[in-house]
J.: 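Sharing a structure, written as structure tokens. Questions coming.
What's counted below: heavy atoms across the whole structure, side chains too, no hydrogens, waters or symmetry copies. Ligands are counted one by one from 1 in listed order, and the atoms in each one are counted from 1 as well.
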Amino acid sequence: MTTSSNPPNSVTPDQTSGMWGGRFSEATDAFVAEFTASVQFDQRFYKQDIAGSIAHATMLAKVGVLTEAERDDIIEGLSTIRSEIEAGTFEWRIDLEDVHMNIESRLTQRIGITGKKLHTGRSRNDQVATDIRLYLRDEIDDILKLLERLQKGLLGLAAKNINTIMPGFTHLQTAQPVTFGHHLLAWFEMLVRDSERLQDCRKRVNRLPLGSAALAGTTYPIDRAYTAELLGFEAVCENSLDAVSDRDFAIEFNAAASLIMMHLSRMSEELILWTSAQFKFVNIPDRFCTGSSIMPQKKNPDVPELIRGKSGRVFGDLISLLTLMKGQPLAYNKDNQEDKEPLFDAIDTVRGSLMAFADMIPALVPNIEIMREAALRGFSTATDLADYLVKKGVAFRDAHEIVGKAVALGVAEEKDLSELTLEQLQQFSDLITADVFDKALTLEASVNARDHIGGTSPKQVEAAIARAHTRLEQLYA
Ligand code: ARG
């Protein structure tokens, strides 16, 4: 989480409260000023704050609350301030509490009394709600691009491994042979849902709170639809009390981010297992790994391990926001200032993790022979032998029993079913004939037989990859 250390260029509280001094008979306590400030972390969305203010001023001029000259002064002043911030020359002041008052105060300093008119018909309550939505919308769009890149990487790797056979697991015990391409497509599907969830969440983020003012709306003849259009919002928030108060859109984002991290964590767990000396299914190139300071032989899968670890903090960010919201009466409460750090942390973590995965996936090198040998161990074609007997008229439960005995022999002889002789197999059922090896016991026979939509056969995986490319085009159209 972002620390509360002072931002560069900040000054210590000077105990003036220029923005509301009228009602107060003493200055804010220096510690309280610092404790209640948010500029340390909300300066992150200065760009969105300025864009929101420019749209607000443009709307105020359209409805005649500001003159065109006033509007132009405000827009020019705000654009200059944006350049100052980007050049690092802007002086962020803790005593001015947050990004909104820092920018507004500087505007008045630059353009004089017109700067004080910008806040007409607006409150920081609808201003901050607008800023966060604009900021989150931009971040969602970036995250979607990362998801798309990762998904394309998975499809590329899957296409190279349509015929690569590995053991599929249930209970982490060898179950049935699958193709590596099929396994990678399972990861792809998880990310499709993650992307759909984010896109769905974006619709509810993309609503304009501005115009709600402090809580009840404003007495000026504002044109909210126009402001919404200027800022690219799909619609306005319908109720002013709700608009300044709820942060469910941020909670929803953190939930979607948590599911992305949960998926990345599961993929990480498999990569960590697969790169171990016990599995050796996959190599992660050195540039994604680190060594040990004491054990010269070590090459650690740090990137997946770290991502597995980082999933926890994003789940924490989700719980933080849910807890933040649950006890709040309508409308705005200062509690909501605490919405930012858990949201920012989730954004940063999911972005970094997706970036690492998108870079790493195309670079993975499967050890095709080792995967194949692992699939040959562990009786992965036992179900195929049972299915073979069923197709010759044996009831499935009886077939299960027969194959169980054959497996027991294999265990005793330390041989896979395909390594037993025909005579050995026939002692369990005289329905077993020489075709059993090609039809049931080889790895190819096993995967080829699962030849329906969603199945692991190379033919199906190839078709699934082709469909996936079309689906990606639709998803990111
Ligand atoms: N910094 C505040 C926040 O992040 C801005 C809104 C403050 N509004 C108020 N009435 N104190 O929520």
J.: Which residue from Asn125, Asp98, Val39, Asp131 reaches closest to atom 5 (C) of ligand 1 through any of its heavy atoms?
T.: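 It is Asp98 whose heavy atom sits nearest to atom 5 (C) of ligand 1.
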
J.: What residue and heavy atom of the protein are closest to atom 12 (O) of ligand 1, and at what distance?
T.: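 Going by distance alone, atom 12 (O) of ligand 1 is nearest to Tyr332 OH, 2.5 Å.
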
J.: Within the structure, does Asn336 bring an N/O atom to less than 3.5 angstrom of an N/O atom in ligand 1?
T.: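 No; the residue has no nitrogen or oxygen that sits under 3.5 Å from a nitrogen or oxygen of the ligand.
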
J.: Out of the candidates Ile319, Leu343, Ile347, only one should pair with Asn254 under the side-chain contact (heavy atoms from CB on, under 4.5 Å) rule; please name it.
T.: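 Only match with Asn254 under side-chain contact (heavy atoms from CB on, under 4.5 Å): Leu343.
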
J.: I'd like to check His119 versus Arg124 (side-chain heavy atoms, cut-off strictly below 4.5 Å). Are they in contact?
T.: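 Side chain of His119 against side chain of Arg124, heavy atoms only: contact under 4.5 Å found.
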
J.: Just by modelled atom types, is the Gly52 backbone N or O under 3.5 Å from a matching donor or acceptor in the Gln127 side chain?
T.: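 Side chain of Gln127 to backbone of Gly52, a donor-acceptor pair under 3.5 Å: no, none is there.
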
J.: Checking contacts here: is it the side chain or the backbone of Gln127 that comes within 4.0 Å of ligand 1, counting heavy atoms only? Could be both or neither.
T.: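 Contact part for Gln127 vs ligand 1: neither.
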
J.: Counting each atom of ligand 1 from 1 as listed, which ones have a heavy atom of Ser38 under 4.0 Å away?
T.: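 Every atom of ligand 1 under 4.0 Å from some heavy atom of Ser38: 1 (N).
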
J.: Starting from atom 2 (C) of ligand 1, find the nearest protein heavy-atom neighbour and note its residue, name and distance.
T.: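 For atom 2 (C) of ligand 1, the nearest protein heavy atom comes out as Gln337 OE1, 3.3 Å.
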
J.: Could you tell me whether Arg471 and Glu189 make a salt bridge, using a distance below 4.0 angstrom between a side-chain N and a carboxylate O?
T.: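 Salt bridge flag = yes for Glu189 with Arg471.
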
J.: Do the charged groups of Glu148 and Lys152 touch, with an N to O distance under 4.0 Å?
T.: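 Judged by the 4.0 Å cut-off on N to carboxylate O distance, Glu148 and Lys152 do form a salt bridge.
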
J.: Check Asp348 with Arg44, please: is the shortest side-chain N to carboxylate O separation under 4.0 Å?
T.: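 Counted as a salt bridge, because a side-chain N and a carboxylate O are separated by less than 4.0 Å.
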
J.: Return the residue, atom name and 0.1 Å-rounded distance of the protein heavy atom closest to atom 4 (O) of ligand 1.
T.: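 For this ligand atom, the closest protein heavy atom is Lys340 NZ, 2.5 Å.
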
J.: In the protein, which heavy atom is nearest to atom 11 (N) of ligand 1, and how far is it?
T.: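 The answer is Arg124 NH2, 3.4 Å.
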
J.: Could you verify whether a donor N or O on one side chain and an acceptor N or O on the other, from Tyr476 and Ser195, lie under 3.5 Å apart?
T.: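 Their side chains do contain a donor-acceptor pair, which is all the 3.5 Å distance test asks for.
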
J.: Taking N or O atoms only and a 3.5 Å limit, does Lys334 qualify as a polar contact for ligand 1?
T.: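 For ligand 1, there is no N or O atom that lies under 3.5 Å from one belonging to Lys334.
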
